[in-house]
Amino acid sequence: MSEESRSSTTRVFIALAPPDEAKDELARELRPAYEAYPRMRWNRIEDWHITLAFLGELPHSAVPLLRAPLAELAAARGPVRLALRGGGHFDERVFWTGIDGDLEGLHRLTEEVRAVVKECGIDFPDRPLRPHLTLARTRRDDAASAVAAAAGLAAFSGRVWRAERLHLVGSDFGRGPGPIRYRDIEAWPFDGGGHGGA
């Protein structure tokens, strides 16, 4: 992709984020892995998130279309109660922790979010939700690290927390050696009482 087309698009996804207490708890659990696997590309703790819908590269002009419908969706829902649990990997490359708690509510929220995106006329890869929080990626010559780190996290069982906000997130391209950086474009509180598993 050319620099010109990059500057006219934003990589966008819709996500939930754990509260600081849950992130701190997991970060403490990960200390041995940080020391044992320094070559892995670790995500910044402030960027940890649970992706509900990855929209890919969108023109800047498409992003405002999502704001009002997502705000309305969040306002009608209650928080979802979740927990971080265990560890795993995708293809020996991506190290993650799993999601526990109100998974039915999480899947329902995901379906509603994706329906809103489609109603806005935005095409995106509608892959099945595999609830997880990505922690790190391995380098091509270091596949064993993700497998070992996942095994070390297998017994982790984090506190239950409430996902209080729906986040519309943009990322940079992260093409250098460091991790991809994320930023909230906007976030909306879950204000409804009845159907979010609160």
Side-chain angles (χ1 to χ4, degrees), residues 12-34 37 40-56 70 73-74 77-117 124-138 145-169 171 179-180 182 184 187-190 192 194-198:
V12 177
F13 58 90
I14 300 163
L16 303 176
D20 288 344
E21 300 79 24
K23 292 192 287 190
D24 291 346
E25 183 180 42
L26 177 57
R28 285 192 297 274
E29 192 75 17
L30 286 171
R31 278 180 192 151
Y34 287 142
Y37 313 109
M40 293 216 300
R41 295 191 313 251
W42 292 93
N43 286 2
R44 301 185 311 165
I45 293 171
E46 57 266 39
D47 289 337
W48 283 353
H49 65 272
I50 302 159
T51 301
L52 305 181
F54 178 74
L55 309 187
L70 289 174
L73 170 60
R77 288 191 120 268
V80 182
R81 295 176 67 80
L82 301 171
L84 303 175
R85 185 81 26 100
H89 61 87
F90 295 135
D91 300 325
E92 301 182 349
R93 295 292 309 278
V94 177
F95 170 41
W96 48 262
T97 187
I99 308 301
D100 205 354
D102 182 11
L103 295 181
E104 184 179 328
L106 179 62
H107 280 275
R108 195 163 51 245
L109 173 60
T110 299
E111 289 169 8
E112 293 171 8
V113 163
R114 293 180 182 195
V116 161
V117 174
F124 66 99
D126 193 4
R127 301 185 187 101
L129 177 68
R130 297 168 73 180
H132 70 282
L133 187 155
T134 298
L135 299 169
R137 290 172 175 79
T138 62
S145 292
V147 176
L153 197 60
F156 173 67
S157 182
R159 68 181 67 202
V160 175
W161 46 272
R162 289 156 52 103
E164 301 276 3
R165 299 171 74 80
L166 184 65
H167 298 261
L168 181 63
V169 185
S171 70
I180 297 170
Y182 303 105
D184 267 7
W188 303 274
F190 291 118
H195 18 299

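Quick note: residue numbers are just sequence positions, from 1. Bear in mind the structure is a predicted one, so any value in this text is a computation, not a measurement. FYI, side chains are in, hydrogens and waters are out, and symmetry mates aren't considered; it's all heavy atoms of this structure.
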Using the test side-chain contact (heavy atoms from CB on, under 4.5 Å), find all partners of P19 that sit at least two apart in sequence or belong to another chain.
-> E21, A22, W161
With side chains defined as the heavy atoms from C-beta onward, is the minimum distance between F13 and L52 less than 4.5 Å?
-> no
Rounded distance (nearest 0.5 Å) linking atom CG of L103 with atom CD1 of I99 | 8.5 Å
Taking only Lys NZ, Arg NE, NH1 and NH2, and the carboxylate oxygens of Asp or Glu, determine whether K23 and E46 approach each other closer than 4.0 Å.
-> no
Look only at the side chain of R137 and the backbone of R41, and say whether a donor-acceptor pair between them is shorter than 3.5 Å.
-> no
CG of L109 to CZ of F190: how many Å apart, nearest 0.5 Å?
-> 5.0 Å
Return the set of residues passing side-chain contact (heavy atoms from CB on, under 4.5 Å) with A83 (not counting sequence neighbours), or none when no residue passes.
-> R85, D100, V160
Tell me, please, which residues at least two apart from A154 pass side-chain contact (heavy atoms from CB on, under 4.5 Å).
-> none
Residues in side chain to side chain donor-acceptor pair (under 3.5 Å) contact with E29, at least two apart in sequence or another chain | none
Only counting residues at least two apart or in another chain, list the ones meeting side-chain contact (heavy atoms from CB on, under 4.5 Å) with R114.
-> A53, T110, F124, D126, L129
Taking only residues two or more places apart in sequence, or in another chain, which ones meet W188 in a side chain to side chain donor-acceptor pair (under 3.5 Å)?
-> E186
Looking at CG of L16 and NE2 of H167, how far apart are the two atoms once the value is rounded to the nearest 0.5 Å?
-> 7.0 Å
How about T51 and V169: do any of their side-chain heavy atoms sit closer than 4.5 Å?
-> no
Cut-off 3.5 Å, no hydrogens considered: what does the side-chain donor-acceptor table look like for residues 89-97, sequence neighbours left out?
from	atom 1	to	atom 2	distance (Å)
H89	ND1	E92	N	3.2
R93	NE	T138	OG1	3.3
R93	NH2	T138	O	3.2
T97	OG1	G86	O	2.6

Gap between atom CG of L135 and atom CG of L84 - 0.5 Å precision | 8.5 Å
Name all residues meeting the ring pair (Phe, Tyr, Trp, His ring centres under 6.0 Å) criterion together with Y37; count only those two or more places apart in sequence or in a different chain, and write none if there are none.
-> none
Please check if the side chain of H107 supplies one atom and the backbone of G105 the other of a donor-acceptor pair under 3.5 Å.
-> no
Can you measure from CD (E112) to CG (L70) and round to the nearest 0.5 angstrom?
-> 11.5 Å
Listed partners of E25 passing salt bridge (charged side-chain N to carboxylate O under 4.0 Å, His left out), at least two apart | R159
Rounded to the nearest 0.5 Å, how far does CG of L55 lie from CD1 of I14?
-> 4.5 Å
